[in-house]
Amino acid sequence: MIDQFGREINYARISVTDRCNLRCRYCMPECGVKKISHNEILSLEEVLRVAKIFSQLGIKKIRLTGGEPLLRKNLPSLIRELKNISSIEQVTLTTNGVLLKTFAQELIAAGLDGVNLSLDTLEEKIFTDLTRRKLFNNVLESFQTLLGKNLRLKINCVPLCGVNDGEILKLATLAKNNPIKVRFIELMPIGCAWESGLRGIPTAEIFSMLENNFGELLPIDKKNSLQGPAKYFQPKNFVGQIGFIDALEHKFCGSCNRIRLTAEGFLKTCLSFDTGLDVKNLLRSGENDDKILEKIREAIYCKPKEHFFDGATKFQMYQVGG
Ligand code: SAM
Ligand code: SF4
């Protein structure tokens, strides 16, 4: 559907849990998330019902995220059901990779189209310091397992001053011989990131670091309207691509195509504002699908024009799924 500013909204990020098996310093406090009862989280049946309504409103791509989505039981069967919705063209997953090796076959068999694997470093020590968990080898093995599979693979790295500066070239090199996209995402000042004192490395700095090392980065044209805000480039002799998501330096709100559903069933229409709709309440108050669809349509129509990060949003990144 088209919102009040003429943007086509066709992409939904659905968080299936806010729990996680890592504690990345820019995302989640050491103590983890506030425990809430199972009943407060949307059931997978409810997620599917909302996804079907989304699809009637023009959503064509769904990304499952979290928290760590692979902690949610029966995720492959949810993926299979989502793939059965005829107008959904892509179902993808964003994961930290800790459990990915274990579930890879099941996810592929369910029809998963692509994986975004978050990997900020190839050094075990930096990984352990940053995530506060000793699980680096699980993630590395997951990455290696996925490489040979028929699945679109992207690596997400958040560059942080004084933390993983020395990892940028190593991570980018993964796209040299592998048909994958390695993306550098600017740190967004939300929740823990706002309080942690960590500072992101500006995209322009990363860009010149890569050009100095690999030669000119040649821009790649956007292939379709489902593609997110990343801008892609390819150095000569690279099989894969390098992507940049610089939400702060270059606002891409004018072409934003996404909405987010939290694990607790709140529809968030912009990352930086708390505006949206309590979908869970509607689902559980006996409203029929047509009524819920109309409410969701109104909420999406009113999607804010552009983001404004001032630390005021009550949502944490692990609740909205990145
Ligand atoms: N646990 C999964 C993972 O890490 O891939 C999915 C959820 S996580 C919130 C999704 C993405 O958000 C990750 O790539 C993570 O690096 C990114 N992220 C978390 N906090 C961020 C922040 N403050 N700024 C930018 N990206 C952030
Ligand atoms: Fe967990 Fe992902 Fe947040 Fe790291 S970024 S703490 S893996 S939800």
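Everything numeric here is computed off the predicted structure, so don't read it as measured data. When a ligand or atom number is given, it counts from 1 through the structure's own listing order.
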Visitor: At less than 4.0 angstrom from any non-hydrogen atom of T65, what atoms of ligand 1 do you find?
Guide: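 Numbered from 1, ligand 1 contributes 6 (C), 7 (C).
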Visitor: Do R258 and P229 touch side chain to side chain, with heavy atoms closer than 4.5 Å?
Guide: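 Result yes, sub-4.5 Å side-chain heavy-atom pair found.
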Visitor: Of the side chain and backbone of N156, name the one, both, or neither that has a heavy atom under 4.0 Å from an atom of ligand 1.
Guide: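 Side chain only.
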Visitor: If you group Ile, Leu, Val, Met, Phe, Trp and Tyr by side-chain heavy-atom gaps below 4.5 Å, do V91 and L99 land in one group?
Guide: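 The answer is yes; both residues are in one hydrophobic cluster.
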Visitor: Output the list of atoms in ligand 2 that are nearer than 4.0 Å to some heavy atom of G67, sorted by atom number.
Guide: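 The list of qualifying atoms is 8 (S).
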Visitor: What distance separates N156 CG from N116 CG, expressed to the nearest 0.5 Å?
Guide: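 If we round to the nearest 0.5 Å, N156:CG and N116:CG are 4.5 Å apart.
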Visitor: To which protein heavy atom is atom 16 (O) of ligand 1 closest, and what is the distance rounded to 0.1 Å?
Guide: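 Going by distance alone, atom 16 (O) of ligand 1 is nearest to Y26 OH, 3.0 Å.
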Visitor: Which residue and non-hydrogen atom of the protein lie closest to atom 10 (C) of ligand 1, and at what distance in Å?
Guide: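 Closest protein heavy atom to atom 10 (C) of ligand 1: G321 O, 3.6 Å.
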Visitor: At a 4.0 Å cut-off, with the gap strictly under it, does some heavy atom of G66 reach an atom of ligand 2?
Guide: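 Judged by the 4.0 Å heavy-atom criterion, G66 does not count as contacting ligand 2.
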Visitor: Does atom NZ of K305 have more than 12 heavy-atom neighbours, drawn from other residues, nucleotides or ligands, at distances under 6.0 Å?
Guide: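 At most 12 heavy atoms, drawn from other residues, nucleotides or ligands, come within 6.0 Å of this atom.
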Visitor: Numbering the atoms of ligand 1 from 1, which are under 4.0 Å from a heavy atom of E68?
Guide: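 Going through ligand 1 atom by atom, the ones under 4.0 Å from E68 are 1 (N), 2 (C).
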Visitor: More than 12 non-hydrogen atoms from neighbouring residues, nucleotides or ligands closer than 6.0 Å to NZ on K295, yes or no?
Guide: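 No, because the 6.0 Å sphere around NZ of K295 holds 12 heavy atoms or fewer from other groups.
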Visitor: Within C24, is some N, O or S atom less than 2.8 Å away from atom 3 (Fe) of ligand 2?
Guide: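 No, outside the cut-off.
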Visitor: Could you check if a side-chain atom of C157 sits within less than 4.5 angstrom of a side-chain atom of I185, using non-hydrogen atoms only?
Guide: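 No, every pair of side-chain atoms sits at 4.5 Å or beyond.
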Visitor: Quick one: look at L117 and ligand 1, take heavy-atom pairs under 4.0 Å, and tell me if it's side chain, backbone, both or neither.
Guide: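 Looking at L117 and ligand 1, no heavy atom falls under 4.0 Å.
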Visitor: Around atom 19 (C) of ligand 1, find the nearest protein heavy atom and jot down its residue, atom name and distance.
Guide: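 Going by distance alone, atom 19 (C) of ligand 1 is nearest to M317 CG, 3.3 Å.
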Visitor: Is the closest N or O pair between M188 and ligand 1 shorter than 3.5 Å?
Guide: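 There is such a contact, yes.
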Visitor: If you count heavy atoms of other groups shown closer than 6.0 angstrom to NZ of K170, is the number above 12?
Guide: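 Correct, the count exceeds 12.
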Visitor: Closer than 4.0 angstrom, basic N to acidic O: yes or no for R80 and E106?
Guide: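 So R80 does not pair with E106 through a salt bridge.
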Visitor: For atom 26 (N) of ligand 1, which protein heavy atom lies nearest, and how many Å away is it?
Guide: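 Protein heavy atom with the smallest distance to atom 26 (N) of ligand 1: V158 CG2, 3.8 Å.
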Visitor: If the cut-off is 4.0 Å to any non-hydrogen atom of A193, which atoms of ligand 1 fall inside it?
Guide: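 Checking each atom against A193, I get 23 (N).
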Visitor: To which protein heavy atom is atom 13 (C) of ligand 1 closest, and what is the distance rounded to 0.1 Å?
Guide: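 The protein heavy atom lying closest is S118 OG, 3.2 Å.
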Visitor: Just by distance, with hydrogens left out, do R19 and Y318 show a side-chain donor and acceptor under 3.5 Å apart?
Guide: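 No.
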Visitor: Provide, to 0.1 Å, the distance between atom 3 (Fe) of ligand 2 and the closest protein heavy atom, together with that atom's residue and name.
Guide: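 The closest heavy atom on the protein side is C27 SG, 2.4 Å.
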Visitor: Please tell me whether T95 and E68 have a donor and an acceptor in their side chains that are separated by less than 3.5 angstrom.
Guide: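 A pair is found: one side chain offers a donor N or O, the other an acceptor, under 3.5 Å apart.
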Visitor: How far is atom 6 (C) of ligand 1 from its nearest protein heavy atom, and which residue and atom is that?
Guide: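 Here the nearest protein heavy atom works out to G67 O, 3.3 Å.
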Visitor: Is it true that D113 and Q90 share a donor-acceptor pair across their side chains at a distance under 3.5 Å?
Guide: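 The criterion, which ignores hydrogens and geometry beyond distance, is not satisfied for D113 and Q90.
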Visitor: Between Y318 and ligand 1, does any nitrogen or oxygen pair lie at a separation below 3.5 Å?
Guide: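 Such a contact does not occur with ligand 1.
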Visitor: With ring-ring contact (aromatic ring centres under 6.0 Å, His included) as the rule and sequence neighbours excluded, what pairs involving residues 200-222 come up?
Guide: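 Counting only pairs at least two positions apart or across chains, the ring-ring contact (aromatic ring centres under 6.0 Å, His included) contacts touching residues 200-222 are F207-F233, F207-F244, F214-F238.
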Visitor: When you measure from atom 1 (Fe) of ligand 2 to every protein heavy atom, which one gives the shortest distance, and what is it?
Guide: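 Result: C20 SG, 2.3 Å.
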Visitor: Got an N/O contact under 3.5 Å between T94 and ligand 1?
Guide: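 N/O-N/O distance below 3.5 Å does not exist for this pair.
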Visitor: Just checking, any donor-acceptor pair under 3.5 angstrom between side chains of N10 and N257?
Guide: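 Note: N10 and N257 side chains meet the donor-acceptor criterion.
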Visitor: Counting each atom of ligand 2 from 1 as listed, which ones have a heavy atom of N96 under 4.0 Å away?
Guide: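 Counting from 1, the qualifying ligand atoms are 7 (S).
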Visitor: Name the closest protein heavy atom to atom 12 (O) of ligand 1, giving the residue it belongs to and the distance to 0.1 Å.
Guide: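 The answer is G322 CA, 3.6 Å.
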